[in-house]
Amino acid sequence: MKNFLVSYIFSDIADMMEIKGENFFKIRAYRKASQVIANLPEDIEEIMKTSSLGSIEGIGKALEGKIKEIIETGTCRHYEELKKDIPRGLVEMLKIPGLGAKRIKTIYDALNITTIDELEQAAKSHKLRGLPGIGVKTEQAILKGIQMLKGKAGKMLLSTALYLAEEIKDMLKFLPAVEKVEEAGSLRRRKELIGNIYLVVSSQSPAEVLEGFLDYPRITEVVARDTDKTSVVLDLGVQVDLRVVEPRSFWAALHHYTGNEDHNVKLKEIARTRGLDINENGVFKEKNNEVIYPGNEEEVYKLLDMPYIIPELREDKGEIEAAIEDRLPDPVKLADIKGDLHVHSNWSDGINSIEEIAIRAREMGYEYVAITDHSKSLKVARGLDEERLMRQIELIKKLNEEITGIRILTGIEVDILTNELLDFDDEILKELDVVIASVHSGFKQDREKITRRIVAAMENPFVNIIAHPTGRILGKRDSYDVDIDVILKTAAETNTILEINSTPDRLDLNDHLAMKAKEMGVKMVINTDTHELEGLKDIRYGIWVARRGWLEKGDVINTLPLSQLLEVLDKK
DNA sequence: GCCGTTTTCGGCCCGACTGTTTTCAGTCG
């Protein structure tokens, strides 16, 4: 699968072209192609061989040629030339909030600054202020942006880590020496951001496994190598740690490398009181040094008289105590989900028709799916005005008669305007099955103001759900300054449901807040907020957040069958 | 760069906000 590589290169090209100041629409074509390819369900190499790349949305003659070049050579000339032209650091600077391509170029031209470190120094010694268009405030904003970025340095999104881990696992499974391979570490715990990808392999011949692994074409550097383990860096800057263990030790090892340190330490303490020592090789009886090799992870916990603790919980947040007292949550799972209540169609900024969405939702085994396009103020997204919304409702009514096996719910993602009002009157909102309210503007308003806006939305009797309640974008934007305690309290009081948004760079509410919300008696909904069919599958990211937040089926309203869901939505 | 098309080139994503200006440019959603 080279989809990821092609997508990555196109996105990189777009960034570099932006810094060069090239045509906006040209840049957008690369961005769009990058996104489309990242979300392709098929292997792009297969498409190239069997049909036509030109049939893919957003790919024309020029990009088709470049895709072929990348598949055949791993790169393309256009990309290599841009890389010679544009220092790497300038591209990285695009990630700094408040700093765009134009100012990066201004700074580069004036001060010849090519790395984020140099930029930080220049900002600290006040060399940026005074440059055209940059004053004291911008300089401070840049400095703040750099610090935020550094706090997340070296981490990748869970979605990226999973994609790469799958690719590597698929490759390893082909090696005859490999018996089993699983990811461990924070990736297996499904944390939102991942440092290293950690893989555990069981094999009789570690040398063969390492040999085979080091042939992986994406490896650019071998950081460490031993007889049974290695650490490498991939072309995308990601570190992968691979450890090979004897087959009989596999489950002990997988367990050992999955829990975080605190979880493991606490388990070891408990084991010691029972005369046992748990480590990556197995479980040792201290009195006679007998070794037990667990045949699965359940056995590890069973030896300590505990029920199985799922990987998502193994972070010493009370799960061990809960296990001992037999009050672990029964975690919500993918199969519990009966529908998606936040989906965009091609009526606003989505790319699929309502009919396509409904059919795909039905294929996924859903009972219902809500169409929640943007409202009129969000011009970028071609938000719906009252008249178009009414027409959409009519269409959905008609489709519900034609399509069986799935109920399409009418809905809207209505903007919470900067003046605390909603983008639509109650007269309109009351016509809809699902009303989601969310903030898309005025992110920089102060705490009191933003909190008041969201509280006002929750107090509206027709608003069912607050989408992405904190507004953060992982690696790009911190949440807006909102008093989350007030939001949770008001949600509980007004029967407003809070969303766990499954978009891989949102995951908002996050696991901590989801847990807190549950404690305060707030109900939640796990939605994708997707703009295209493939994105419906991203619901799994939201499920993982929920599981990490100890949520059970009963805490999540879209596990309810349709009739009960409608009751909950009506109850407000 | 793609797309649609009255097939050969014009349209494609717009408006608020901020900070820098002294009438506007850059950034962002």
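What you see below is based on every heavy atom in this structure, not just the backbone, and it leaves out hydrogens, waters and symmetry mates. The chains referred to below are lettered A, B, ... by the order of the sequence lines, with proteins before strands, and numbering in each begins at 1.
Taking every heavy atom of both residues into account, A:Thr559 and A:Lys338 meet most closely at O-NZ, 3.2 Å.
Where A:Met17 and A:Arg506 meet DNA chain B, the nucleotide closest to each residue was compared, and A:Met17 sits on the side nearer the 5' end. Each of A:Glu139 and A:Thr106 lies near DNA chain B, and the nucleotide nearest A:Glu139 is the one positioned closer to the 5' end.
If you measure from atom NZ of A:Lys379 to atom C1' of B:dC28, you get 17 Å, rounded to the nearest angstrom. When rounded to the nearest whole Å, the span between NE2 of A:His468 and C1' of B:dG29 equals 11 Å. Rounded to whole Å, atom C1' of B:dA25 lies 16 Å from atom CD1 of A:Ile104. As rounded to whole Å, 9 Å separates atom P of B:dT27 from atom CD1 of A:Ile142. For the pair A:Ile473 CD1 and B:dG29 P, the interatomic distance rounds to 7 Å; values are reported in whole Å. The interatomic distance linking A:Leu94 (CG) with B:dC28 (C1') rounds to 13 Å, in whole Å. Atoms CG (A:Asp505) and P (B:dG29) sit 11 Å apart, rounded to a whole Å. A:Ile9 has its CD1 atom 15 Å from the P atom of B:dG1, to the nearest Å.
Nucleotide B:dT7 is shown with a syn base, its glycosidic torsion being within 90° of 0.
Put simply, A:Lys26 has a side-chain N or O that comes within less than 4.0 Å of OP1 or OP2 on B:dG1.
Among the heavy atoms of the strands lying under 4.0 Å from A:Pro97 are primed sugar atoms or P, OP1, OP2 only; no base atom is included. Residue-level contact check: A:Lys66 touches the backbone only, with heavy atoms under 4.0 Å from sugar-phosphate atoms and none from bases. In this structure, A:Ala33 reaches neither bases nor backbone, as no heavy-atom distance under 4.0 Å exists between it and the strands shown.
When the C1' atom is used for both B:dG15 and B:dG10, the distance is 23 Å, rounded to whole Å. For the C1' atom pair drawn from B:dT22 and B:dG29, the interatomic distance equals 28 Å after rounding to whole Å. For the C1' atoms, the distance linking B:dC13 with B:dT8 amounts to 24 Å, nearest Å. Taking atom P in both B:dT6 and B:dG1, the straight-line distance is 26 Å, to the nearest Å. A gap of 22 Å separates the P atoms of B:dA16 and B:dT23, to the nearest Å. Straight-line distance between the P atoms of B:dT20 and B:dC28: roughly 15 Å, to the nearest whole Å. For the C1' atoms, the distance linking B:dT21 with B:dG26 amounts to 13 Å, nearest Å.
Annotation: side chain of A:Met16 is not in contact with side chain of A:His78 (no heavy-atom distance under 4.5 Å).
Of the possible polar contacts, none joining the A:Thr503 side chain to the A:Asp505 backbone as a donor-acceptor pair under 3.5 Å is found. For A:Ser125 (side chain) and A:Lys127 (main-chain N/O), no donor-acceptor pair under 3.5 Å exists by modelled atom type.
Between A:His344 and A:His374, the ring planes lie parallel to each other; the angle is under 30°, not in the 30° to 60° tilted range.
Counting only N and O atoms by type, the side chains of A:Ser353 and A:Asn346 include no donor and acceptor under 3.5 Å apart. Remark: the A:Thr115 side chain and the A:Asp117 side chain contain no N/O donor-acceptor pair separated by less than 3.5 Å. For A:Asp538 and A:Thr528, the side-chain atoms include no donor-acceptor pair closer than 3.5 Å. For the 3.5 Å distance criterion, the side chains of A:Asp423 and A:Ser375 qualify, holding a donor opposite an acceptor.
Few gaps surround NZ on A:Lys83; more than 12 heavy atoms of other groups in view lie less than 6.0 Å from it. Enclosure of atom CD in A:Glu448 is not indicated, since only 12 or fewer non-hydrogen atoms of other residues, nucleotides or ligands lie within 6.0 angstrom.
The nucleotide whose nearest atom lies closest to any side-chain atom of A:Lys102 is, among B:dC2, B:dG26, B:dC13, B:dG26.
Contacts of residues 78-89 of chain A with DNA chain B (heavy atom under 4.0 Å): none.
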* Run the salt bridge (Lys or Arg N to Asp or Glu O under 4.0 Å) check on A:Arg506 and A:Glu499 step by step: do they pass? -> CA-CA 11 Å; A:Arg506 281 196 185 268; A:Glu499 181 182 73; over 6 Å; no
List, with names and distances, any nitrogen or oxygen atoms from the protein found under 3.5 Å away from nitrogen or oxygen atoms belonging to nucleotides 17-19 of chain B.
from   : atom 1 : to       : atom 2 : distance (Å)
B:dG19 : O3'    : A:Thr138 : OG1    : 3.3

Pull out every protein N or O sitting under 3.5 Å from an N or O of nucleotides 3-12 of chain B, one pair per line with the distance.
from  : atom 1 : to      : atom 2 : distance (Å)
B:dC3 : OP1    : A:Gly58 : N      : 3.0

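Pairing of B:dT8, defined by two Watson-Crick or G-U wobble distances under 3.5 Å, is not identified with any nucleotide.
Between A:Arg391 and A:Glu394, no side-chain nitrogen of the basic residue sits less than 4.0 Å from a carboxylate oxygen of the acidic one, so the salt-bridge criterion is not met.
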